2 protein chains.
Amino acid sequence: MERTERSGRQQSTTEHRRRELLEAAERIVLRDGPDASMNAIAAEAGITKPILYRHFGDKGGLYRALALRHTDALLANLATALDAPVLRRDRVEATLDAYLLAIESQPQVYRFLMHPAEGDTAPETGFDVGRHSAPLLRRLGEELAKVITDRLDLGPGGELTARVWGHGIVGMMHGAGDWWLRERPCTREQLVTQLADLLWGQLAAVEDRAGGPGF
Amino acid sequence: MERTERSGRQQSTTEHRRRELLEAAERIVLRDGPDASMNAIAAEAGITKPILYRHFGDKGGLYRALALRHTDALLANLATALDAPVLRRDRVEATLDAYLLAIESQPQVYRFLMHPAEGDTAPETGFDVGRHSAPLLRRLGEELAKVITDRLDLGPGGELTARVWGHGIVGMMHGAGDWWLRERPCTREQLVTQLADLLWGQLAAVEDRAGGPGF
DNA sequence: GTACGATGTTACTAGCGGTAACCCGCAGTG
DNA sequence: CACTGCGGGTTACCGCTAGTAACATCGTAC
């Protein structure tokens, strides 16, 4: 039937238009940060607001669509680092490095991803701590947990341990990366080494300072 | 001279009024989250907007004033946990627990502190990654770094190591805490133990899963 | 030819942060 | 007494935002 044929083509051109709009939005968001207005984005795309709303529903929808692309890209990157066939320590360092390289080379993207400007489709949840704080981080944590579960023999209750560690490590990466990107107190390699040391138990291993009350 | 006398009293009553306004603001922020509007806060305080602006300059100023109180309170809490005269492991666990207890018992406050809704007094910095992401976390990281530097003998370059670890650990705490508060997959005690294990190098210590490609 | 559907517009609403201009009451001063 | 200064308070506004209705236009399928 022609119906499906035509609707198929329409679908594809619609998708194409949507991609164009997303690219315009991306240019503006990268330029103006999370304060980018729908008007500005529409202007960049050479159109007016209502069209954006037809395509993405609301601002949150547009932002989510935009975030999805980069999130997927970053996750793919990290997955390859995580799959490198080397020693565990090297693999951890490679993953940390991949993340830090990503946020270093595209800080605006990173910043945007971390603050998708609300819009959880769930109004009035009443207990939505971290509504802003990036679904990206949650996805990263879960992915890492999966890898840990797959590769490590954690014994009974290991699944919970893996998830705690996954989210903990991602949080560590994020927190340290945020600070590092802002202050740039050292090279990326140094940061990676220090963080890997931390994960390798150096905090517990180093000696107390002589004469101090211990730690 | 009466001048100073009067201006002194005026000062104190002004301070008092300011505290009242802050308390009203707190009630609203705790009720409405970061979306609390200046109108709503003014209404709660029984006045109108311009007065708020006279006292706090702009919305960011009010939010900063509000955040400062809780930030100080939380930091004081953590400091005592950090100063408990016990084993290093116990101290780390106590600190983790103190943080988690705080965010568990007052999630709205926690959420508010993590997203002080922009307003860095510096418009157009152009490179302000993490403008939203809580000065609280940065303060926490620095405090922890100080403690680590004081207590541990990290050798040459130890100051940098301490800062990396400080921000890394705070990030871990934050990331894991955020996830835990949202999903509640285990008790607080369990979470604390797992995180401390992670810091104690268990990630490096556990065995590969039998038959797997290693990790 | 005509009905549909997607693309696009102008013109609007409601609410936000923030401000200017004005009013009132009260301390201190000639 | 009148008069001046000043902090607390108000109404009414500005410019902006996200989001929406109503209307126009073009290409295609029947």
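Just so it is clear: chains get the letters A, B, ... in the order the sequence lines come, proteins before strands, and each one is counted from 1. This one's a predicted model, so the numbers in the text were calculated from it and none came from an experiment. Any value given below was found using the heavy atoms of this structure, including those in side chains, with hydrogens, waters and symmetry copies removed.
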Heavy-atom donor-acceptor pair, B:Arg54 side-chain to D:dG7 base, under 3.5 Å: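 There is none.
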May I ask you to verify whether the side chain of B:Lys49 and the base of C:dG18 hold a donor-acceptor pair under 3.5 Å?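 Yes, a donor-acceptor pair under 3.5 Å.
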What is the distance from [atom1] of [X] to [atom2] of [N], rounded to the nearest Å?
X	N	atom1	atom2	value
A:Asp32	D:dT17	CG	P	10 Å
B:Met38	D:dC14	CE	P	21 Å
A:Arg17	C:dT7	CZ	C1'	8 Å
B:Ile47	C:dC23	CD1	P	21 Å
A:Ile51	C:dG5	CD1	P	19 Å
A:Leu52	C:dG8	CG	P	10 Å
B:Asp35	C:dC16	CG	P	10 Å
A:Leu21	C:dT7	CG	C1'	11 Å

Of the listed nucleotides ([options]), which one gets closest to any side-chain atom of [X]?
X	options	value
B:His55	D:dG8, D:dT11, D:dG19	D:dG8
A:Pro50	C:dG18, D:dT20, D:dT11	D:dT20
A:Ser37	D:dA21, D:dT17, D:dT11	D:dT17
B:Asp58	C:dG18, D:dA18, D:dT10	C:dG18
B:Tyr53	C:dG8, C:dG18, D:dT11	C:dG18

Salt bridge flag under 4.0 Å for residues B:Arg31 and B:Glu44: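 Salt bridge: no.
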Could you tell me whether B:Glu104 and B:Arg184 have a side-chain N and a carboxylate O separated by less than 4.0 Å?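 So B:Glu104 pairs with B:Arg184 through a salt bridge.
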Nearest heavy atom decides the nucleotide; on that basis, is A:Gly57 or B:Thr48 closer to the 5' end of DNA chain D?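 It is B:Thr48, whose closest nucleotide lies nearer the 5' terminus.
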Quick one: does A:Glu183's side chain get under 4.5 Å of B:Arg163's, heavy atoms only?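 The answer is yes, as the side chains (C-beta and beyond) meet within the 4.5 Å cut-off.
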For a side-chain hydrogen bond (donor to acceptor under 3.5 Å, both in side chains) check, start with the C-alpha distance between B:Thr161 and A:Gln194, then their side-chain angles and the critical distance, and finish with the verdict. CA-CA 6 Å; B:Thr161 302; A:Gln194 307 269 21; 2.9 Å; yes
Can you tell me how the ring of A:Phe112 sits relative to the ring of A:Tyr63, calling it parallel under 30°, perpendicular over 60° and tilted otherwise?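 Rings of A:Phe112 and A:Tyr63: perpendicular, as their planes differ by over 60°.
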